[in-house]
Protein chains: 2
Amino acid sequence: MINSDMQVFTAKHLAEVLTIPDKYLRRLMTDMSKKGFIKSIQGREGGYVFAKNASKIYLSDVVDAVEGIERYNGCIMGHETCSDENPCSLHNTYAPIRDHLISFLLNTTIAELKDINISKF
Amino acid sequence: MINSDMQVFTAKHLAEVLTIPDKYLRRLMTDMSKKGFIKSIQGREGGYVFAKNASKIYLSDVVDAVEGIERYNGCIMGHETCSDENPCSLHNTYAPIRDHLISFLLNTTIAELKDINISKF
DNA sequence: CATATGTACTACATTAAGGTGGTATAATAA
DNA sequence: TTATTATACCACCTTAATGTAGTACATATG
């Protein structure tokens, strides 16, 4: 039962539009569904729909689900103990860049990727 | 003939210290030599030596030789025409981060990686 | 019940990166 | 000339990521 005003897309439709195999797309979508980004609707007239509005899903959520956000937080030199108080030799030059990147991920939503040029990736 | 004051390392020695196979290391070193980061000295008493002091080799040089620095310069949305004058929807938030990252690569040398924790990479 | 959806599980193919190993050759110091 | 070094090919292996395919099953609408 659909109680959302968001559009429902079937695997068949998406596979055609994206020109990737139906079965493969389904597997990816099922994974995204388990990760909570989309909801799946089984049965006739079913399909996939965003679990919440795309403007509420942050890039950091996706990065975290796919590869873990931790990779972005560590010391560039690989030191466990590196911090503002106990900086490695590159901490002061690199940490601000890293922090800006993280805040970019935390503040940008997938809705903002609407105009992306997919063919470049 | 060696006319440098920098230390010469043989493949055999490096392979032992780094515990990777001699043959494999040689292949990587020959590649680095062709890319100009090190010089190889053939014959008895030969080996490898930095082509210039490590404090003159920038991360950007290495990135460029290995994967091409262009990948770091493009628009995050993949638009060819994106620029300060004709910005994509994320240009103003992302471009400054990208530019800081590039200047980090341009201004950091491999000499500064001396204390890196190799086991983390 | 019939039909159109998604799910689960399995098996295998493809590609790229990373790595191993052999043999022959070129260069150079001693 | 001999020993020690690097170079050039070549063939193959391993691993991980990505993609393809088949079959059976669960779910929901009408």
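In the text below, chain A, chain B and the rest are named by the order of the sequence lines, each starting its count at 1.
Shown here for A:P21 and A:A15, the closest heavy-atom pair between the two residues is C-CB, 4.2 Å. Across B:I97 and A:H100, no two heavy atoms sit closer than the pair CD1-O, 3.4 Å.
Closest approach to the A:R27 side chain among D:dT20, C:dA29, D:dT7 is made by D:dT20 (side chain taken as heavy atoms from C-beta onward). Of the candidates D:dT7, C:dT20, C:dG6, C:dT20 carries the atom nearest the B:Y24 side chain, counting heavy atoms from C-beta on. Taking every side-chain heavy atom of A:E45 into account, D:dT29 is the closest of D:dT5, D:dT29, C:dT7.
For the pair A:D31 CG and D:dA17 C1', the interatomic distance rounds to 14 Å; values are reported in whole Å. Rounded to whole angstrom, the span from the CD1 atom of B:I41 across to the P atom of C:dA29 amounts to 10 Å. Across the protein-nucleic acid pair, A:E67 atom CD and D:dA16 atom C1' stand 15 Å apart, rounded to whole Å. Atom pair B:D22:CG and D:dT7:P shows a separation of 12 Å (rounding to whole Å applied). One atom, CZ of B:R44, and another, P of D:dA6, lie 13 Å apart when rounded to the nearest Å. Rounded to an integer number of Å, the gap from A:L25 CG to D:dT20 C1' is 13 Å. For the pair A:Y48 OH and C:dA4 P, the interatomic distance rounds to 17 Å; values are reported in whole Å.
A donor-acceptor contact under 3.5 angstrom links the side-chain atoms of A:K23 to the base of D:dG22. With hydrogens and angles ignored, no donor-acceptor pair under 3.5 angstrom links the side chain of A:R26 to the base of C:dT5.
Aromatic ring pairs are classed by plane angle as parallel below 30°, tilted from 30° to 60° and perpendicular above 60°; the pair B:F104 and A:Y94 is tilted.
Nearest-nucleotide positions on DNA chain C place A:G47 closer to the 5' end than the other of A:G47 and B:I20. Take the nearest nucleotide of DNA chain C for A:Q42 and for B:P21: the residue whose nucleotide is more 5' is A:Q42. Remark on DNA chain D: of its neighbouring residues A:L28 and A:G43, the 5'-side contact belongs to A:L28, judged by nearest-heavy-atom nucleotide.
The pair B:K35-B:D31 meets the salt-bridge criterion, since a charged nitrogen lies less than 4.0 angstrom from a carboxylate oxygen.
Between B:S40 and the phosphate of D:dT7, there is a side-chain N or O to OP1/OP2 separation shorter than 4.0 Å. For the OP1/OP2 pair of C:dT7 and a distance below 4.0 Å, the side-chain nitrogens and oxygens of A:T30 include at least one atom meeting the criterion.
In the displayed structure, B:E67 atom CD is contacted under 6.0 Å by more than 12 heavy atoms of other residues, nucleotides or ligands.
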